[in-house]
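Everything numeric here is computed off the predicted structure, so don't read it as measured data. Atoms within each ligand, like the ligands themselves, are counted from 1 in listed order.
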Amino acid sequence: MHKMDPIRNIKGTKDILPEEAKQWQEIQSAIQDFMELHGYGEIRTPAFELTQLFTRGVGEDTDIVSKEMYSWTDQGGSNLTLKPELTAPVVRAYIQHNLAAQSPVTRLYYFDSLFRRERPQKGRQRQFNQFGIEAFGSANPEQDAEVISIAYRIWGVFGIKDLTLKLNTIGSAEIRPVYLKILREALSKHKKDLCPTCQNRIDTNALRVFDCKNTACQQLLDEHAPMITDHVSDDDKIHFEQVQDYLKAMDIPFILDKKMVRGLDYYTRTTFEITSPVLGAQDSLCGGGRYDGLVEQLGGKPTPGIGFAAGIERLILALSAEEEIQEIPVADVYMVTLGEKAITQSFSLADDIRRETGLRVINETLRRSMKAQMREANRTGALYAVILGDLEIENQKAVVKNMEEGGQDEVSFSELSQFFFDAHSSNCACCNDHDHD
Ligand code: HAM
């Protein structure tokens, strides 16, 4: 028998071995916790869909649909595609299961594998993974602010800093034909300087010229193209200003980027991206925006929607680029116990705090020294240590140490949950912008 050449994985795909898989599990679970803290429920959709879901949803002239899809005709003659993105499948499921009937606002999150036949490079694969959210039912700017704030704050869970949030509005659907006409006229004057693909795009879908990676095309846009943001309606402008006001009120910094139209056809009004300088050429950690026409376009009732998706491989690249390796926080409160009575008491106090505040609480189970337990509290990322010894049991009061600021308080057992409730809403990372969450 011939010795056969070993078969290798396909270019642009990757095996994840146990050690790295552990990191993936932790990332996935931190993301799930974060989404659930915001009232989002998980949705899982099939790996492949009818091709027309993407041609209709994402748009035939986009790079994703025209160049990058893995599509085939199966033995029964159906045209199928491995999903290249998740917004269209989630919208399909939202319509198919009539989720609108269950609540006026539907909040969904996902964690999944996607397929795009792009040129593989650092941070760009052919099978890659995303997490993301979609919120249906509210056209109000506070919904944009909610989604953008989740997209911005999630990186804090992983200690990823130095983010740039770019924001733009591309206006509602009504203004699009008027703007496209102006854009087409402007680009036609310089048609010969555009790449052949963009020359075609002038007639098929002129907005997609903004997606071109060719520097000559980008320069031409800078010099000669009217910007869509300058042609949106008054209502669109007010909507966009309110989004910005809410973000300012939440202390979320952003920059305006008039050229950012995003490479998928479904967007309306707000578009956004978050980039990190440590990623190199593929610097986009996540991207998203509003898509108020998509549900209707895919056969549902007119329903506004907004969401974003982030690349997990890019998250991991950003994590490994952080100088200090950040432990992922696993607890908010660590119960430091000294003596048998304290151990017994700590179980019920921990349960009360979890139930009444939603904070993550860990009990000491190794009966270590006070010093070792405080070190452990630090390692878990806990913001507070609740210290219980014989004296505390006798007085029915715990010592609560603030791990970040160093101060401590004496709090009676019956008021512990209220104490954390108050402290959490005024100090915590989910509510403000600390590193801990
Ligand atoms: P997207 O900008 O195509 O948007 O992808 C979102 C994120 O997925 C990117 O910012 C990047 O982190 C990651 N990503 C994309 N392609 C690759 C690749 N080939 N390799 C590795 N990572 C990649 C969407 O997919 C929209 N569905 C987002 C959305 C949700 N808009 C509204 N709701």
Side-chain angles (χ1 to χ4, degrees), residues 11-14 27 31 35 40 43 45 49 53-54 57-59 62-65 67-70 82-92 94 106-136 143-144 146-148 150-152 154-155 160 163-166 168 170 208 210-211 213 260-276 278-295 298 304-319:
K11 185 173 154 188
T13 68
K14 196 171 170 287
I27 289 171
I31 290 168
M35 296 313 178
Y40 283 69
I43 182 162
T45 65
E49 298 270 359
L53 175 64
F54 304 108
V58 178
T62 60
D63 281 350
I64 293 177
V65 172
K67 303 183 197 160
E68 297 166 3
M69 292 207 301
Y70 286 97
L82 285 179
K83 58 187 170 189
E85 67 102 50
L86 273 155
T87 309
V90 170
V91 169
R92 179 202 47 70
Y94 171 81
T106 305
R107 294 179 168 89
L108 302 169
Y109 77 89
Y110 47 76
F111 194 103
D112 213 338
S113 277
L114 290 313
F115 305 86
R116 295 184 193 173
R117 198 175 189 287
E118 295 190 84
R119 197 166 51 79
Q121 54 176 276
K122 183 182 161 203
R124 194 158 79 189
Q125 294 179 197
R126 291 182 170 177
Q127 176 175 355
F128 62 100
N129 294 271
Q130 280 186 346
F131 69 88
I133 65 177
E134 312 292 347
F136 299 95
Q143 191 65 62
D144 304 48
E146 173 183 301
V147 168
I148 297 170
I150 293 174
Y152 187 76
I154 185 105
W155 310 102
I160 296 172
L163 307 171
T164 304
L165 166 62
K166 295 191 225 168
N168 193 20
I170 61 170
R208 300 277 64 96
F210 283 92
D211 306 336
K213 307 207 166 66
M260 191 188 56
V261 301
R262 307 246 323 123
L264 301 95
D265 277 354
Y266 49 62
Y267 290 116
T268 54
R269 292 196 158 173
T270 315
T271 54
F272 64 95
E273 259 176 39
I274 295 176
T275 59
S276 157
V278 300
L279 291 180
Q282 304 303 317
D283 68 350
S284 167
L285 279 169
C286 70
R290 208 167 244 297
Y291 44 85
D292 289 344
L294 185 59
V295 176
L298 291 177
I306 175 165
F308 78 90
I312 316 270
E313 285 80 3
R314 297 199 189 167
L315 188 168
I316 290 173
L317 278 175
L319 269 181

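Ligand 1 places these atoms under 4.0 Å from at least one heavy atom of Tyr267: 26 (C), 28 (C), 29 (C), 31 (N), 32 (C). The contact set between ligand 1 and Gly288, taken as ligand atoms under 4.0 Å from a residue heavy atom, comprises 31 (N). Against a heavy-atom cut-off of under 4.0 Å, Gln125 is close to the following atoms of ligand 1: 18 (C), 19 (N), 20 (N), 21 (C). Every atom of ligand 1 with a heavy atom of Leu285 under 4.0 Å away is listed here by number and element: 10 (O), 12 (O).
The heavy atom nearest to atom 18 (C) of ligand 1, considering only Phe115, Tyr110, Phe128, is found in Phe128. In this structure, of Pro84, Gly287, Gly289, Ala88, the residue bringing a heavy atom nearest to atom 28 (C) of ligand 1 is Gly287. Counting heavy atoms only, Gln130 comes closest to atom 8 (O) of ligand 1 of the residues Arg124, Gln121, Lys83, Gln130. Closest heavy-atom approach to atom 3 (O) of ligand 1 among the candidates Arg290, Glu68, Glu118, Arg116: Arg116.
Around atom CZ of Arg124, more than 12 heavy atoms belonging to other residues, nucleotides or ligands sit under 6.0 Å away.
Scanning the protein heavy atoms around atom 33 (N) of ligand 1, the nearest turns out to be Glu134 OE1, 2.8 Å. Closest to atom 21 (C) of ligand 1, if we only count protein heavy atoms, is Gly123 O, 3.3 Å. For atom 7 (C) of ligand 1, the closest non-hydrogen atom on the protein side is Ala309 O, 3.5 Å. For atom 4 (O) of ligand 1, the closest non-hydrogen atom of the protein is Arg262 NH2, 3.0 Å. Protein heavy atom in closest approach to atom 26 (C) of ligand 1: Tyr266 OH, 3.4 Å. Ranking protein heavy atoms by distance to atom 11 (C) of ligand 1, first place goes to Arg314 NH1, 3.4 Å. With respect to atom 10 (O) of ligand 1, the closest heavy atom belonging to the protein is Ser284 OG, 2.9 Å. The protein atom (non-hydrogen) at minimum distance from atom 27 (N) of ligand 1 is Glu85 OE1, 2.7 Å.
Interatomic distance, OH of Tyr40 versus OG1 of Thr106, reported as 10.5 Å (0.5 Å rounding). With rounding to the nearest 0.5 angstrom, the CD atom of Gln130 is 8.5 Å from the CD1 atom of Ile312. Rounded to the nearest 0.5 Å, atoms CD1 (Ile274) and OG (Ser284) are 9.0 Å apart. With rounding to the nearest 0.5 angstrom, the CH2 atom of Trp155 is 9.0 Å from the CG atom of Leu319.
Under the 3.5 Å distance criterion, the side-chain polar atoms of Thr45 are left unmatched by any main-chain donor or acceptor of Leu86. Between the side chain of Arg126 and the backbone N or O of Glu118 there is at least one donor-acceptor pair closer than 3.5 Å. Looking only at distances, no side-chain donor or acceptor of Arg314 sits under 3.5 Å from a matching main-chain atom of Leu285. Side chain of Glu313 to main chain of Asn129: a donor-acceptor pair is present (N/O by atom type, distance under 3.5 Å, no hydrogens or angles). For Lys83 (side chain) and Asp112 (main-chain N/O), no donor-acceptor pair under 3.5 Å exists by modelled atom type.
Residue Cys286 places a heavy atom under 4.0 Å from ligand 1. Ligand 1 lies nowhere less than 4.0 angstrom from a heavy atom belonging to Glu313.
Note on ring orientation: taking the six-membered ring where Trp is involved, the planes of Tyr291 and Tyr266 are perpendicular (angle over 60°, cut-offs 30° and 60°). The aromatic rings of Tyr94 and Phe136 lie parallel to each other, their planes meeting at an angle below 30°, with 60° marking the opposite boundary.
Looking at Tyr291 next to ligand 1, no N or O pair under 3.5 Å apart turns up. Polar contact check, Leu86 against ligand 1: no nitrogen or oxygen pair lies under 3.5 Å apart. Considering backbone and side-chain atoms alike, Gly311 places an N or O below 3.5 Å from some N or O of ligand 1.
With a heavy-atom cut-off of 4.0 Å, Leu114 does not touch ligand 1 at all.
The two atoms that bring Gln282 and Leu279 nearest to each other are O-CB, 3.3 Å, heavy atoms only.
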